[in-house]
Amino acid sequence: MPKLKTSEKHIERTSAPVVTLSSRGAARLRAGHVWVYRSDLANEITAPAGALVHVRDERGRKLGSALYSSASQIAIRIVSRNEIAENELPAVIAGRIAKAAEFRRRAVHDTDSYRVIFSEADLLPGLIVDKYNDVLSMQVLTQAFDRPGLRQAVIDALQKHYPKGSILERVDTRIRELEQLPVRDTQLVEGDKASTIFTVNGVSYHYDGLTGQKTGAFLDQRENYAAAARWAHGEALDCFTYQGGFALHLARVCDSVTAVDISRSALEVAEQNEALNKPEHRCGEIEWIEANAFDLLKHYAAAGRQYDTIVLDPPAFAKTKRAVPTALKGYKELNLRALKMLRPGGTLVTCSCSFYVSEPGFLEMLGSAAADTGRQIRILEKRGAALDHPVLLNVPETSYLKCIICEVF
């Protein structure tokens, strides 16, 4: 009798709790989304927090396997369109991580740092991993990936594909509270290195995994930094600079660069980053200003200050759908003042990382600001997140970043 190949061997299947969805929840999955909200569950669930569950519609038809949260309003996140067993899950996770790593090797260039795993976009809902040179930063967003078995499966797979890197887990306290997970500090889980120097488009940055915003630096803007530098010229102003992401790219091509952020600690790191790159700078020293960008732009516009390049990269203004009107007012105020301050032929790089603000809505806001200032805008580039942040069609939440590069007359 011939031996079965490994892929054909019988795997003893363990049972999983069944979740029944309302017709609306089932339709959402069939349309391609991977989330189902608690309001669309048709039965009571007795599964443990973070368990694998099998998903059915009200007629008993199979919809796949999902990771369950007992706390989040997003009750289940699809991990397979087939019904898989609990004891198959670690291998599924390892296979997805392997595919994610291979995709980045093909897609990412001119950097030693990028997003390795982008949650739903890599079919690993609730997991984010960023690579900063030789340090991997892992962030767990759901109960499932906080389970010791799955957490270790992730760590083992990351070690396999990035054997020379340390691994740290960055903790978002608010998310752990929402998921009703035990308190945990940001910590190293493998290796002994939590800080490093990484390079993006030939520009070097300090990274300290035990401090910093998000998972440390804004890797989703990596390709937009280079695009902005292609169009930037003259005197430049970078608002919401954080640790100098755009400013350090502009410094290579502009005559002068002023960079603004409200965070003193971020600007201190930005100055350290500047020291790494000074030999390549055209502008001389960057002027770092600790200030509220709204207040500074209002003051500078009133004083008649003029620039050839302005970058606006604020934090998310709309974290819910209800916040969109207020967010658009904030974006318009920023862009209106920037437009007043740009010389004819100037470059405006304006961004939004608010998912709930759509690209058409953002462009409509920008057009309204242009009309109010009597300026004409020619769009040079409409951009999104870098290629290591892929978009999963039918999951619009994976497409959130807008970066519009314009010429202003």
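Note that the structure is predicted; figures quoted are calculated from it, not measured.
Looking only at distances, no side-chain donor or acceptor of Arg222 sits under 3.5 Å from a matching main-chain atom of Asp110. In this structure, Arg77 contributes its side chain and Val34 its backbone to no donor-acceptor pair below 3.5 Å. Within the 3.5 Å criterion, the main-chain N or O of Val203 finds no donor-acceptor partner in the side chain of Asn201. The backbone N or O of Ser80 sits nowhere less than 3.5 Å from a side-chain atom of Ser65 that would complete a donor-acceptor pair. A donor-acceptor pair under 3.5 Å links the side-chain atoms of Asp208 to the main chain of Leu210, judged by distance alone. The closest donor-acceptor contact from the side chain of Lys131 to the backbone of Asp112 lies under 3.5 Å. Side chain of Asn292 to main chain of Phe294: a donor-acceptor pair is present (N/O by atom type, distance under 3.5 Å, no hydrogens or angles). In terms of modelled atom types and a separation under 3.5 Å, the side chain of Ser354 and the main chain of Ala318 share a donor-acceptor contact. Checking side-chain atoms of Thr241 against main-chain N and O of Val260 turns up no donor-acceptor pair under 3.5 Å. With Arg337 contributing its side chain and Ala301 its backbone, the two residues share no donor-acceptor pair below 3.5 Å.
A salt bridge between Arg115 and Asp122 is absent, with no side-chain N of the basic residue lying under 4.0 Å from a carboxylate O of the acidic one. The existence of a salt bridge linking Lys298 and Glu333 is excluded, since no basic side-chain nitrogen approaches an acidic carboxylate oxygen closer than 4.0 Å. Ion pairing between a basic and an acidic side chain is recognised when a charged N comes within 4.0 Å of a carboxylate O; Asp146 and Arg176 show such pairing.
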Checklist entry - Where do Leu348 and Leu312 land on the side chain to side chain contact (heavy atoms under 4.5 Å, CB included) test, with the steps shown first? => result CA-CA 8 Å; Leu348 174 65; Leu312 303 174; 4.2 Å; yes
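Aromatic ring orientation, Tyr207 versus Phe198: perpendicular (interplanar angle above 60°, classes split at 30° and 60°). Between Trp35 and Tyr37, the angle of the ring planes goes over 60°, which puts this pair in the perpendicular group of the 30/60° scheme. Ring-plane geometry between Tyr225 and His249 is classed as tilted, the angle between the planes lying from 30 to 60 degrees on a 0 to 90 degree scale.
Inter-residue side-chain proximity for Glu235 and Arg343 is flagged as met; some heavy-atom pair is nearer than 4.5 Å.
Between Ala75 and Leu41 the shortest heavy-atom distance is CB-CD1, 3.7 Å.
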